Amino acid sequence: MKIIKGINDKNKNDIVKWTNEKGRNFLEQWAGENTDFPLTVSQIDNMSNVYSIFCENEFIGIIQKIRKELDNIHIGRFLINPELTGRGLGKRALLEFINLIFQEKDVNSITLNVFDYNVGAKKLYEKVGFRVIDVTKNPMKKYMMIMKKGEK
Ligand SMILES: CC(C)(COP(=O)(O)OP(=O)(O)OC[C@H]1O[C@@H](n2cnc3c(N)ncnc32)[C@H](O)[C@@H]1OP(=O)(O)O)[C@@H](O)C(=O)NCCC(=O)NCCS
């Protein structure tokens, strides 16, 4: 498993294809409410700090450092090729990404948001050590979760 900053054009097209084949709700599930369906390459270009996930040199997904707030990094836009989910790859990738982020000395926590209906993703986040710190309901129920350095 390798996580590398950036994403090439071919892999952007993979993300577009995987997403648009599954439809509007799927786009919102992983990219949030502020992305327009259908997904386009230019919308991916506008996402800063996107990381590509590779398994045995095959591009399998993305994850993003959305923003840094003091000593916290907010992550998201986590997507694994829908044909390869449920095999432990997402968990491995997330653990690797957490490791990478916590190597930064001035970072002490990581946060993310997950929709209430995305039961599988939330379970995964709990398994690797995130816990809920906030619940919001506008327009859809979602959780903010946090993991602190050295907590797990
Ligand atoms: C969320 C996602 C990235 C996880 O990747 P994945 O490769 O499917 O996850 P894994 O196979 O590594 O599963 C990790 C753990 O989560 C649990 N899990 C995953 N999906 C689950 C589901 N639908 N229901 C219950 N548990 C689930 C598994 O039990 C697994 O735990 P285990 O390793 O102890 O058995 C992937 O499913 C995906 O791309 N989903 C669509 C986009 C999305 O919703 N992204 C998250 C936005 S917040």
Side-chain angles (χ1 to χ4, degrees), residues 1-8 10-41 43-69 72-102 109-148 151-152:
M1 188 76 59
K2 278 210 184 88
I3 304 204
I4 293 168
K5 191 166 180 185
I7 176 169
N8 69 31
K10 180 181 171 295
N11 296 343
K12 284 176 196 165
N13 281 307
D14 285 342
I15 297 293
V16 166
K17 182 167 173 284
W18 298 340
T19 301
N20 292 341
E21 274 175 8
K22 293 195 72 95
R24 184 182 297 274
N25 292 345
F26 186 74
L27 173 63
E28 183 184 84
Q29 180 179 317
W30 72 264
E33 295 122 320
N34 299 324
T35 324
D36 295 321
F37 187 82
L39 182 64
T40 56
V41 165
Q43 288 189 84
I44 300 178
D45 288 335
N46 288 330
M47 297 175 186
S48 55
N49 293 312
V50 169
Y51 287 71
S52 300
I53 304 166
F54 294 92
C55 183
E56 286 159 7
N57 294 323
E58 181 188 356
F59 174 71
I60 62 159
I62 55 168
I63 191 161
Q64 185 190 11
K65 279 188 197 168
I66 297 178
R67 59 182 174 270
K68 186 160 193 276
E69 305 143 321
N72 180 70
I73 298 225
H74 189 73
I75 65 168
R77 309 267 168 70
F78 183 28
L79 172 68
I80 296 288
N81 178 349
E83 285 183 8
L84 300 176
T85 51
R87 306 179 186 184
L89 294 173
K91 188 174 170 184
R92 279 170 59 197
L94 185 59
L95 286 168
E96 182 97 13
F97 196 55
I98 291 167
N99 233 329
L100 196 78
I101 291 175
F102 280 153
S109 61
I110 301 172
T111 51
L112 57 80
N113 290 324
V114 61
F115 288 114
D116 177 54
Y117 66 76
N118 202 353
V119 177
K122 181 162 179 271
K123 281 224 174 86
L124 166 56
Y125 300 144
E126 282 163 347
K127 269 187 185 161
V128 304
F130 284 87
R131 60 188 163 80
V132 173
I133 42 161
D134 195 23
V135 190
T136 51
K137 281 189 176 163
N138 42 334
M140 242 171 336
K141 187 170 179 185
K142 70 179 172 201
Y143 302 96
M144 180 180 270
M145 303 181 81
I146 192 164
M147 179 166 179
K148 295 202 171 153
E151 226 174 46
K152 200 174 177 180

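Note that the structure is a prediction, hence the values are computed from the model and not measured. In listed order, ligands and their atoms are each counted from 1. All values below were derived from every heavy atom in this structure, side-chain atoms included, with hydrogens, water molecules and symmetry-related copies excluded.
Polar contact with ligand 1: absent for Ala121 (N/O pair, distance under 3.5 Å). Between Leu79 and ligand 1, no N or O atom pair is found at a separation short of 3.5 Å. Ligand 1 has no nitrogen or oxygen under 3.5 angstrom from a nitrogen or oxygen of Lys123. Geometrically, ligand 1 and Val119 share no nitrogen or oxygen pair separated by less than 3.5 Å. Checking only distances, Ile80 does come within under 3.5 Å of ligand 1, N or O to N or O. Looking at ligand 1, you won't find any N or O of Phe26 less than 3.5 Å from one of its N or O atoms. The shortest N or O to N or O distance between Trp30 and ligand 1 is not below 3.5 Å.
For the residues Lys122, Lys22, Lys91, the heavy atom positioned nearest atom 33 (O) of ligand 1 is part of Lys91.
In this structure, Lys17 pairs ionically with Glu21, as a charged nitrogen and a carboxylate oxygen lie closer than 4.0 Å. Contact check on Glu28 versus Arg24 returns no salt bridge, with no Lys/Arg side-chain nitrogen under 4.0 Å from an Asp/Glu carboxylate oxygen.
Every atom of ligand 1 with a heavy atom of Leu124 under 4.0 Å away is listed here by number and element: 4 (C), 14 (C), 15 (C), 16 (O). Within the listing of ligand 1, atoms 48 (S) sit less than 4.0 angstrom from a heavy atom of Asn113. Annotation for ligand 1: atoms under 4.0 Å from non-hydrogen atoms of Gln29 are 41 (C), 42 (C), 43 (C), 44 (O), 47 (C). Each of the atoms 10 (P), 11 (O), 12 (O) of ligand 1 lies under 4.0 Å from some heavy atom of Gly88. Close approach to Leu89 involves these atoms of ligand 1, each under 4.0 Å from a residue heavy atom: 7 (O), 12 (O).
For Arg87, every heavy-atom contact with ligand 1 shorter than 4.0 Å involves the backbone, none the side chain.
Atom 20 (N) of ligand 1 has as its closest protein heavy atom Gly120 CA, 3.7 Å. The single protein non-hydrogen atom nearest to atom 45 (N) of ligand 1 is Phe78 O, 2.7 Å, given as residue, atom name and distance. Ranking protein heavy atoms by distance to atom 37 (O) of ligand 1, first place goes to Thr85 CG2, 3.5 Å. Among all non-hydrogen protein atoms, the one lying nearest atom 7 (O) of ligand 1 is Gly90 N, 2.8 Å. Nearest to atom 29 (O) of ligand 1 among the protein's heavy atoms is Lys127 NZ, 3.0 Å. Nearest protein heavy-atom neighbour of atom 8 (O) of ligand 1: Gly86 N, 2.9 Å.
In this structure, the side chains of Lys65 and Ile101 come closer than 4.5 Å at one or more pairs of heavy atoms. Contact of the Leu95 side chain with the Met1 side chain is not registered, since no non-hydrogen atoms from C-beta on lie closer than 4.5 Å. Contact of the Tyr143 side chain with the Leu112 side chain is not registered, since no non-hydrogen atoms from C-beta on lie closer than 4.5 Å.
Each of Lys148, Lys122, Met145 was compared with Phe130 under the side chain to side chain contact (heavy atoms under 4.5 Å, CB included) criterion, and only Met145 meets it. Put simply, the residue from Ile15, Ile80, Val114 that forms a side chain to side chain contact (heavy atoms under 4.5 Å, CB included) with Trp30 is Ile15.
Note that CD1 of Ile60 is 8.0 Å distant from CG of Asn81, once rounded to the nearest 0.5 Å.
At a distance under 4.0 Å, a protein heavy atom can be found next to atom 4 (C) of ligand 1. In this structure, atom 13 (O) of ligand 1 is not in close contact with the protein, since no protein heavy atom lies within 4.0 Å of it.
Tyr125 counts as a contact of ligand 1, since one of its heavy atoms falls under 4.0 Å from the ligand. Residue contacts with ligand 1 leave out Leu94, since none of its heavy atoms falls under 4.0 Å from the ligand.
For Lys12 against Ile44, the heavy-atom pair with the smallest separation is O-CD1, 3.6 Å.
Open room surrounds CG on Asn34; 12 or fewer heavy atoms of other groups in view lie less than 6.0 Å from it. Remark: Lys68 NZ is packed, more than 12 non-hydrogen atoms of other residues, nucleotides or ligands lying under 6.0 Å away.
Judged by the 6.0 Å and 45° rule, Lys10 forms no cation-pi pair with Phe59.
Of the possible polar contacts, one joining the Ser52 side chain to the Gly6 backbone as a donor-acceptor pair under 3.5 Å is found. Distance alone, capped at 3.5 Å, places no donor-acceptor pair between the Glu69 side chain and the His74 backbone.
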